[in-house]
Amino acid sequence: MCPVLSGPYLLMIEKINELMTRVASLQASSAEEVEQLRVQYLSKKGEISLLFNDFRNVPAEQKREVGQKINELKTLATDRIAELREAVEAKDEADREAGIDLTRTATPLPGGTRHPLNLVKAQMLDIFARMGFTIADGPEVEDDWHVFSALNFAADHPARDMQDTFFIARNPADVLLRTHTSSVQTRTMEKAQPPIRIVCPGRVYRNEAISARAHCFFHQIEGLYIDRNVSFADLRQVLLLFARQMFGPETKIRLRPSYFPFTEPSAEMDISCNICGGKGCGFCKQTGWVEILGCGMVDPAVLEACGIDSKEYTGYAFGMGVERITNLKYRVKDLRMFSENDVRFLDEFIAAK
Ligand code: PHE
C-alpha cells in the first residue's frame with residue numbers, strides 16, 4: 001500500500017471494505033429482522049451515515065475516491081436489504097396461500113374414545129387370560145358343518161331355518177353367517193388335541209328384526225376347556241370367578257338346567273342383579289337375578305365329530321353376549337346405540353378408558 005497515504009484515509013477504506021463484506025452477506029428471516037438491518041445500516045444514525053461524518057477528515061485529494069466507495073457501499077446495502085425484504089414478503093405470502101399461519105393457536109384435536117363394547121370385551125378377555133385361556137379366532141362367513149352339524153344340531157333344528165340364520169348360499173355346501181362363535185371351537189378342536197383352553201370373541205349374526213332389545217348382529221365371547229377329568233365343578237368355579245371379577249366380589253351366581261344341542265348337561269347362568277343387589281327391581285323384573293350366559297359339558301358326540309377321544313377327555317363350554325354384559329355394567333337401554341356411531345353416546349365413555 002502507498003506509504004504516503006495518511007491515517008484517516010486508510011482507516012476509512014478499511015472500514016468501508018469491512019462493511020462491504022458484511023453487507024453482502026446479510027441475512028434475515030422476517031420483516032422485523034429486515035427493518036432492524038435497515039436501521040442499523042441505512043438510517044440517519046446508521047453505520048453508513050456515520051461514515052459521512054468521518055469523511056470530513058479525509059484529505060481533499062482522496063475525497064473523490066472515498067466518496068465513490070461510500071456511495072457504492074450505500075447502494076450495495078440498499079439493494080441487499082431490498083432483496084431481503086422481497087424474499088421474506090414472498091415467503092409470508094406463500095405461507096398465507098398454503099393456509100399456514102404460524103402465529104395462530106393450535107386447533108385442539110378431539111381425542112377419540114374406545115367403543116364401550118371393546119372396553120368390556122377387553123376386560124372380559126383379560127379376566128379369562130388370567131385364568132389361562134388363550135384367544136382363538138375364526139371366520140364370520142362359515143359353513144353348516146362348523147356352525148351346526150359338528151355341534152350336534154339335528155338336521156331339522158330350527159336354527160337352520162332361514163328365519164334364524166342368514167344364508168349366503170344353499171348349495172352345494174351351505175355358506176352362512178355364523179350364529180355363534182362356537183364355530184371357532186369346532187375349528188380349534190379339529191386342529192388340536194387337548195388340553196385346549198380357549199376363548200373365542202367375535203361378531204355373530206341372527207336373522208332378527210332390529211329393535212331396542214334385538215339386533216341382527218351382536219358380539220359373543222365363548223369359552224372351551226377340554227382335558228382329562230374336567231368336571232362341571234370346574235366350570236362353575238371359573239364362571240363364579242368371572243362373575244365376581246366382572247361385577248364385584250359380592251356377586252352370586254346360580255345355574256338353571258337348560259338345553260343346547262352341543263352340551264350335556266346344559267345350564268343357563270344368572271348373576272344376582274347388580275343394579276338392586278338382588279333385592280328385586282325393574283331391571284331384574286323383581287326376581288333379583290339376571291341371566292348372562294349359557295354353558296354345559298361338551299357333548300361326547302361333539303368331541304368325536306371333531307376327532308377327540310371322548311373316553312379319554314371331557315370338557316366344558318360357555319358362551320355369552322358382550323352387549324348383555326355391557327348393558328349390565330353401563331345400562332345402555334337401546335341395543336341400537338352400539339352400532340349407530342353417535343359420538344354423543346360414545347363420548348360418555350371417555351372416562352372409562
Ligand atoms: N353357543 C350358544 C349360543 O350362541 C352359547 C353356548 C355356548 C351355550 C357354549 C353353551 C355352551 O347361544
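Starting from 1, each residue takes its place in the sequence as its number. Quantities reported herein were computed from a predicted structural model and do not represent experimental measurements. Just so you know, ligand 1 is whichever comes first in the structure, and atom 1 is the first atom listed for that ligand.
Tested against Tyr9 for a side-chain hydrogen bond (donor to acceptor under 3.5 Å, both in side chains), the candidates Gln62, Glu14, Glu65, Glu61 yield a single pass: Glu65.
Heavy-atom contacts of Ala317 reach the following atoms of ligand 1: 9 (C), 11 (C) (cutoff under 4.0 Å). Atoms of ligand 1 found under 4.0 Å from any heavy atom of Phe318 (numbered from 1 in listed order, with element): 7 (C), 9 (C), 11 (C). Counting the atoms of ligand 1 from 1 in the order shown, those under 4.0 Å from a heavy atom of Cys295 are 8 (C), 10 (C), 11 (C). Heavy-atom proximity to Phe260, at under 4.0 Å, picks out these atoms of ligand 1: 8 (C), 10 (C).
Polar contact with ligand 1: present for Gln220 (N/O pair, distance under 3.5 Å).
Within the 4.0 Å heavy-atom criterion, the part of Ser182 lying near ligand 1 is the side chain and not the backbone.
Aromatic rings from Phe242 and Phe133 are positioned such that their centres are separated by 6.0 Å or more.
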One pair to check against ring-ring contact (aromatic ring centres under 6.0 Å, His included): His180 and Phe260. What are the steps and the verdict? CA-CA 12 Å; His180 54 184; Phe260 299 102; 9.2 Å; no

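The CG atom of Leu26 sits 6.5 Å away from atom CG of Leu84, with the distance rounded to the nearest 0.5 Å.
Defined by atom type and a distance below 3.5 Å, a donor-acceptor pair is present between the side-chain atoms of Tyr41 and Arg22.
At least one heavy atom of Arg206 sits under 4.0 Å from some atom of ligand 1. The shortest separation from a heavy atom of Phe262 to ligand 1 is under 4.0 Å, placing the residue in contact.
Looking only at heavy atoms of the protein, atom 5 (C) of ligand 1 is closest to Glu222 OE2, 3.5 Å.
For the pair Pro194 and Glu312, the minimum side-chain heavy-atom distance is 4.5 Å or more.
Note: the hydrophobic cluster containing Val58 also contains Leu73 (ILVMFWY, side chain heavy atoms under 4.5 Å, direct or indirect links).
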